[in-house]
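Each remark here refers to the structure printed beneath this line.
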Amino acid sequence: MNDAMTAWAITENASLKALNTFHVDATAAQLLEVFDPSVLPEVLALPRVAEQPLLVLGSGSNVLIAGNVEGTVLVFANRGIEILEHRADHTIVRAGAGVNWHGLVMWSLQNGLSGLENLALIPGTAGASPIQNIGAYGAQVGEFIQAVDAWDRQENDWVRFDAEGCQFAYRDSIFKHDPDRYLITAIELRLPLLHGLRLGYAGIAEEMEAMGVELPVAADVANAVINIRRRKLPDPDVLGNAGSFFKNPILPLEQVEVLLQHFPELPVFPADEDSRRKISAAWMIESCGWKGYRDGDAGVAPSHALVLVNHGQATGEELLALARRISASVLEKFGVPIEPEPRLIGAQW
């Protein structure tokens with residue numbers, strides 16, 4: 001630990017089981033916790049850190065660790081939230097990389113802000129949210145990010161990205177394409193005071209009706225999303241998982257029309273372009289018979305075909321092998337490749 005006993009700490013031969021939501025039992029040669037990101041330049045320059053590989057983990061909610069990790073695992077532990085400015089129609093909020101994402105969503109609603117309600121109960125941290133451009137129920141975090149602060153390991157300098165510079169796309173960003181270069185230390189969100197509610201996705205309106213809500217506000221949408229997610233997705237504290245494991249494929253409209261001729265019940269959704277459509281990976285996986293499947297302690301959730309689960313002692317390698325089998329069967333039946341949403345550590349897809 002450093003002299004101030006507050007800015008950073010290193011633990012050798014650290015277990016990562018509590019730092020990934022699959023609860024895969026893996027070990028890091030050393031774990032570096034950073035409480036004050038301003039010390040990054042000096043800490044990263046330490047020989048014991050600089051001479052080893054570096055892996056950044058948020059809450060490990062979007063990774064599959066397929067083996068022990070050589071070198072250093074870096075965890076940001078800066079968990080402050082602050083309001084930078086109020087405007088007539090929006091507020092700028094800054095969150096440290098270590099802030100719990102769902103906690104940030106609920107904080108925003110409690111402070112009269114909107115926009116993030118459809119992203120409630122997504123596991124992870126604020127710092128990890130731009131990497132995958134996390135999204136759910138018709139919303140993506142990239143819509144609300146004003147800036148991302150990071151340490152550029154290639155240039156050894158601080159950098160600040162505006163929303164355009166982040167190159168956000170569906171489950172994608174500049175940070176995902178160069179995952180070892182930028183260490184995100186904080187995000188700034190532009191949150192509206194009034195935001196058009198998105199009620200037309202994945203049963204939210206039906207959930208509102210079941211809740212008895214006639215004139216919903218943003219907090220009602222968040223509660224509906226929480227209810228739906230808790231029914232559909234297993235709690236990672238109870239059953240290890242990383243949420244949706246596979247991305248929904250985005251295909252040319254012509255290809256989708258051909259698929260619908262053979263599989264008319266295939267769910268199809270709008271995509272980022274009129275000439276493309278997003279199709280349901282979950283439906284295809286379930287059609288191949290994988291929902292609820294179990295091989296040892298590696299399995300697929302009985303409640304949702306997109307979710308791989310660890311029933312207890314599954315290794316990362318076993319979970320990855322199952323994912324590859326699922327992908328191969330979907331490709332064989334539908335001619336559509338499906339790709340993992342989580343980052344694979346220690347393995348290639």
Side-chain angles (χ1 to χ4, degrees), residues 1-20 24 26-82 94-101 104 124-133 145 147-162 165-167 173-188 342-348:
M1 176 119 20
N2 68 320
D3 293 339
M5 303 289 285
T6 56
W8 56 272
I10 287 183
T11 304
E12 295 183 354
N13 297 317
S15 172
L16 299 177
K17 189 170 186 177
L19 293 175
N20 72 97
V24 167
T27 300
Q30 57 184 14
L31 175 68
L32 169 61
E33 297 175 272
V34 173
F35 301 91
D36 179 1
S38 68
V39 303
L40 272 178
E42 64 181 84
V43 175
L44 294 177
L46 294 173
R48 64 188 298 187
V49 177
E51 296 170 3
Q52 301 291 333
L54 183 73
L55 168 69
V56 181
L57 278 183
S59 60
S61 60
N62 200 45
V63 299
L64 175 59
I65 303 175
N68 292 332
V69 179
E70 299 296 330
T72 303
V73 170
L74 168 62
V75 174
F76 283 106
N78 55 324
R79 300 186 176 97
I81 305 173
E82 60 178 321
R94 181 179 176 86
V99 171
N100 174 273
W101 174 257
L104 176 59
T125 60
S129 65
I131 299 172
Q132 188 80 359
N133 187 17
I145 284 183
V148 173
D149 289 332
W151 174 258
D152 185 341
R153 296 179 63 204
Q154 182 172 305
E155 299 295 332
N156 286 320
D157 200 3
W158 295 103
V159 290
R160 182 176 172 87
F161 294 88
D162 61 13
C166 291
Q167 300 178 20
S173 72
I174 190 174
F175 312 108
K176 186 174 180 180
H177 285 271
D178 208 346
D180 297 318
R181 178 172 178 177
Y182 301 108
L183 306 183
I184 296 173
T185 58
I187 64 171
E188 291 180 10
R343 180 183 178 187
L344 305 180
I345 296 172
Q348 298 293 323

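No experiment lies behind these values; they were computed from the predicted model shown.
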Pair W151-I184, side chain to side chain contact (heavy atoms under 4.5 Å, CB included): steps then yes or no: CA-CA 7 Å; W151 174 258; I184 296 173; over 6 Å; no
Under the criterion side chain to side chain contact (heavy atoms under 4.5 Å, CB included), I'd like the reasoning laid out for V148 against Y182: C-alpha separation, chi angles, the key distance, then a yes or no. CA-CA 10 Å; V148 173; Y182 301 108; over 6 Å; no
Working note: L183 + L44, criterion side chain to side chain contact (heavy atoms under 4.5 Å, CB included); need CA distance, chi angles, decisive distance, verdict. CA-CA 11 Å; L183 306 183; L44 294 177; 3.7 Å; yes
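Closest heavy-atom contact between A29 and G71: CB-O, 3.2 Å. Across all their heavy atoms, A126 and P130 have their closest contact at O-CD, 3.4 Å.
Separating the OG atom in S129 from the CZ atom in F175 is a distance of 9.5 Å, to the nearest 0.5 Å. Distance check, rounded to the nearest 0.5 Å: CH2 of W8 to CZ of F35 gives 11.5 Å. Here the straight-line distance linking atom CD1 of I81 with atom CD1 of I187 works out to 9.5 Å at 0.5 Å rounding.
A 4.5 Å side-chain heavy-atom check between F161 and I145 finds every atom pair outside the cut-off.
Between the S173 side chain and the N133 main chain, no donor and acceptor come within less than 3.5 Å of each other.
The salt bridge (charged side-chain N to carboxylate O under 4.0 Å, His left out) analysis of residues 33-43, with sequence neighbours excluded, yields no pairs.
Residues that satisfy the side-chain hydrogen bond (donor to acceptor under 3.5 Å, both in side chains) test with D152, not counting sequence neighbours, are R181. Among residues two or more places apart in sequence or in another chain, the side-chain contact (heavy atoms from CB on, under 4.5 Å) test is passed with P53 by none. In this structure, the side-chain hydrogen bond (donor to acceptor under 3.5 Å, both in side chains) partners of R160, at least two apart in sequence or on a different chain, are D149, E188. For T72, the side-chain hydrogen bond (donor to acceptor under 3.5 Å, both in side chains) test picks out Q30, with sequence neighbours left out. For E51, the side-chain contact (heavy atoms from CB on, under 4.5 Å) partners two or more places apart in sequence, or in a different chain, are P47. For D180, the salt bridge (charged side-chain N to carboxylate O under 4.0 Å, His left out) partners two or more places apart in sequence, or in a different chain, are R343. Contacts of R79 classified as side-chain contact (heavy atoms from CB on, under 4.5 Å), with partners at least two apart in sequence or in another chain: A77, V99. The side-chain contact (heavy atoms from CB on, under 4.5 Å) check on N78 picks up P37, F76, A97, with sequence neighbours excluded.
None of L74, V73, V75 except one satisfies the side chain to side chain contact (heavy atoms under 4.5 Å, CB included) rule with L55; the exception is V73.
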Tabulate below the donor-acceptor pairs under 3.5 Å that side-chain atoms of residues 10-17 make, not counting sequence neighbours, or state none.
| residue | atom | partner | partner atom | Å |
| --- | --- | --- | --- | --- |
| E12 | OE2 | R48 | NH2 | 3.2 |
| S15 | OG | K17 | N | 3.2 |

Only distances under 3.5 Å count here; give the side-chain donor-acceptor pairs of residues 56-70 to other protein atoms, sequence neighbours excluded, each with its distance to 0.1 Å.
| residue | atom | partner | partner atom | Å |
| --- | --- | --- | --- | --- |
| S59 | OG | S61 | OG | 3.4 |
| S59 | OG | G124 | N | 3.4 |
| S61 | OG | P123 | O | 3.0 |
| S61 | OG | G124 | N | 3.4 |
| N62 | ND2 | Q132 | OE1 | 3.4 |
| N68 | OD1 | T27 | N | 3.0 |

